[in-house]
Every structure is written in structure tokens, then in C-alpha cells.
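All chains are named by letter (A, B, ...) in the order of the sequence lines, taking the proteins before the strands, and each is independently numbered beginning at 1.
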Amino acid sequence: MAANTRMKFFVDTKRCIECGGCEVACKNENHVPMGIARIRVVTVNEGETGETNVAVPCMHCTNAPCVAVCPVDALFTRQDGIVHVNKETCIGCGYCLYACPFGAPQFPKGEAFGARGVMDKCTYCAGGPEEPQSAREVQLYGSNRVAEGKLPMCASVCATKALVAGDSADVDNIVKERLATRGSSESPWGWSTAYAQS
Amino acid sequence: MRWGDVMDTALITSTMWGGNLMIPLYLYFGGITAGLGIVAVVADLLEDRNPAYNLLSKWSAYLAVPAWALGSVFVIFHLGKPMRGMFFPLFFSNYGSWMTYGGWAMGLAGPILIVYLLLRHFDMQASLRRLIGVINIPVMLWVALNTAMLLSAASRVPMWDRAFLPALFINSGILSGLAAAGLVFIVLRHFGSAAGSGEPARVIYAASVVALVLEVIEAGILYGLINNMATGGPMDEVAKVLNPAGAMAVYNEVVSGSLAPWFWWGVVAIGIVVPLTLGIVELVAKRWEEALAGAKFACILIGALVLRFVVVWGGDFRPLPAVAVDTLRDLVTLFAG
């Protein structure tokens, strides 16, 4: 992996069709517990003109606000730009959730006496700080597809390729290409084909 | 092209801290602790002029320690791992986080308050006691400031606007501490055995004047906070680019949405309008001073509690910065650097 590699997600709101495939794939791949959504599809203007869907995982920000506020340094940014949480050191304060502009940090629900467990979030399918693909890593964080040279499962299964993952330079090129192809139209991708004015 | 130009604002709603009583209660007792600590010292310094301040100073010191203890318990037990919060010097390693500073603020405040309380209770070492008290004032301000900065560090939450919330919580903390001390002072004078010496009426008058001034300041800061949200102001650069309508959507939730009854009845009516009215009547009419002051202080305490809940509940509404194609350039600039 190149020294300046920076893994990113990009969500193309003109392509997302709210199928929920990313959510299911994530849960299945990482054995995400009940009540936790490492990625969720948010619908804006539901049922109205201009309805838009946005898949929202952790965006693995470069200057991640969650990393900045975590009092115990449980959150950290890897060399490849992926933001990880160390569940062994997290104290479950919930501060990261409020710092995160995307609401990505998740906390278990339904614990005894309303107690809050430690934070869980999208790992970019890159496991955690444990030994890659060790039993401990799988138990705490789920799969480590990045160690196998694969992209996150959500992006891999996205039927419309609305969710793009990879190195930021590659993602940037894909987005530029799409913009050049469809121009500045505000219509969803494929709209003119499906509902062309005759 | 901006997010707000092409579609309505999406608010992320959660019940992370708002659904949990412990954070608002920590903010409340943290603020009261700070106010009581400051009132205890100021009354201590004024005691030579009017011995009646002795009772106010002592009871402020007595109340500050349990208020601090309650605040500490609430903030520690909201954690998923309370033991790690209790031993914060071992675990809080990020000195860029306001929660780390909050741990130290509460951790330092307790021992200082306890030492001051012992010296105050036994009326020992007046010079040393007052020195400790004066040193404690910045610590108390730090405790109150931290209750706000803890929230304001989450810069994408419009309700936790850094321009107003610190001033609001410091002012409200001092005001509620003064109200707690004043209320107990009045109750003890009437129903307790501590009749006190000096001129207690002047103590109540001074507390009422200070409370009135702080109430006016609080009303101004609160107006600033709400008005800034109404105009989309309290957003950092990221939020401004991505979702300029977000603050206004949160404003609507607070003043006319689900939080409106709490905001208008609890914060504005009980917390500001009634105490201000009672305070003015008390100072103008110069009758029933103790009854009016007692009722006013009780209202201030209730209003301060509801204020913390409204601020934390309001933080559960956050605008979602959408990752739209049109905003990619802005995103690359702001996030990716």
C-alpha cells in the first residue's frame, strides 16, 4: 500500500435507490449485533419531489472530529486513513457520537440497567487494532477484508455503485468521470432514460 | 451548489445523552457546585462587614460538597465503563479533549471544596481558608466552563453553539449556586435553629440584586443562542458549507417543535420571567422580601435544571451533512485537507 494512500467512501446520492443492500451486507459480513447500524440509508424528502437517499457509513474523515474528542484515545486514524476504534480502551462516554457529523458511532441498546456498552462503528471492513484476522479481531470488530486486499462489503454489493470505496485518488477520478458524463443535471442518475420526455 | 439549495435539511435524531438523565444532571450539579463554591468564598470575604454572611458562606460550603459528589456520580455512571472514568488520570490520555479537562476539573474541585468546608465549619485559619477559597474560584469557573465546553466541542450541534453556551452555563451555574445558597439561608433563618447574627436582611437584599443582574444577563445570552440558531449562525465551516439550513431546523424543534413546552414553560417562564418579575417586585415593593426571594430562588433552580435538559435534548437534533456529488470539492477541502 502506498504511503499516501487514504481510504475513503463516497456516496453518490443520484444513484442510491434505498435498497438496503449495504446495510444487510454489512450486518452479515461483520456479525453486527442487534440495534447497531454501522451503515444506514437516510431518506430526505420522503414521498416528495426530490426524494433523495444517502447511505451513511463512517466517512473516515481525515481530521476526524471523533478522534479529536475521545478522552481515552480509543479512536485513532490508521496510516491508510481508516478511523478505528479500540474497543478494549473505549469507555463508552458517547462523546464521539456528538462530535461526528454523520452520527456514525453506535452504542448497544437494551443492556442491563440501561448501561451503555462501548462504541461500535464502521471499520471499513478492516477489522480493528488486534492481530489481523485473529479470532479476537473477528469477535470484536468483524471481518478484515482490507487485509485480504478487498474493498468494504457494502461498496462491493452496491447494485447501482452509489457507494464507492477505495483510495481517495481513485474515488475522486470516478466521481469526476460521473460528473463529466452526466453534467450538472440535478436529476437522479438514469432518470432521463427511465422517464425520458417523448 | 449546496446541500440546502437542492433539498430540505435532514436531521439526525438520537437519544444518546438526551435519553439518559445523567448528563443533564451532571451539567446541573456541576454548575451549582461552581456557583456554591464561589458564593461561599465571596460571603466569607464579606463576613467581616456583616456577620450574617457567615451563615450564607457556611451553608454554601456545606452544599457545594454534596453537589460536587452528585455531579461526579452522574458523570461517571453515564459511562459504559464507569471504573475507567473514576480512575481518569490513568485512562484519559487525550489532552485535546474537553472530557479530559472535565475529569481534572471535577477531580480537583472535590478535594479543594472538602478542605475549604472543614476550615469553614470549624472557623479555622481564616487567612488560609480565604486563600484556599480565592484559589478555588478559578477552579469553580473551570468546572462551570467545562460543563459547556464539553458540549460545545461537538461543533456540528447547533444547540451547543460555542459562542453562547459557555457564557450561558457559567452565568447559570453561578446564578443557580447563589439561588441554592439563598434559599437555604432563608429557610434556615425561618425554620432552623440558626438565627444568625448581623443583618440578614442585607444579605438577602444583596443576593437578590446580584441574582437580578445575572437573570438579565442570562436572558440576553439565551436570546443570543436562540436567535443565532434562527439565522443559521452557529455552524462551523463544514456545517456552513454542507447544511446551512440545519441550525434553523433545530431552532424550529426548540421553539415550536417537540421541545417547545420545556423551553417556553421551563426555561423562559419559570427560569427567567417569573424570577425577574419576583425580583423586581421584591426590590420595588420592599415587602415580603424573604417570601419573594425564596420563591424566586426556587424558580431559578427549577429553570436551571430544565435549561440543562433542553440544551442536551436539543443536542439530539443534528443536521446531517450529506455527501452529495455537488459538494465533493468542498468535502475534499474541508475533510480530506
Separation between CG of A:D73 and CZ of B:F91, rounded to the nearest 0.5 Å: 13.0 Å
Identify the two heavy atoms, one from [X] and one from [Y], that lie closest to each other, and give their separation to 0.1 Å.
X	Y	result
B:F92	A:V72	CD1-CG1, 3.6 Å
A:K87	B:K81	O-NZ, 4.4 Å
B:M149	A:Y95	O-OH, 3.7 Å
A:C93	B:L79	CB-CD2, 3.3 Å

Other residues, nucleotides, ligands: >12 heavy atoms within 6.0 Å of A:E148 CD: yes
Chain B interface, residue from A:C96, A:C90, A:S168 that has the most non-hydrogen pairs under 4.5 Å: A:C90
Most chain B-contacting option - heavy-atom pairs closer than 4.5 Å, from A:P71, A:P105, A:G81: A:P71
Short side-chain to backbone donor-acceptor contact, A:Y98 and B:A153, under 3.5 Å: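 Pair absent, no side-chain N/O of A:Y98 close to backbone of B:A153.
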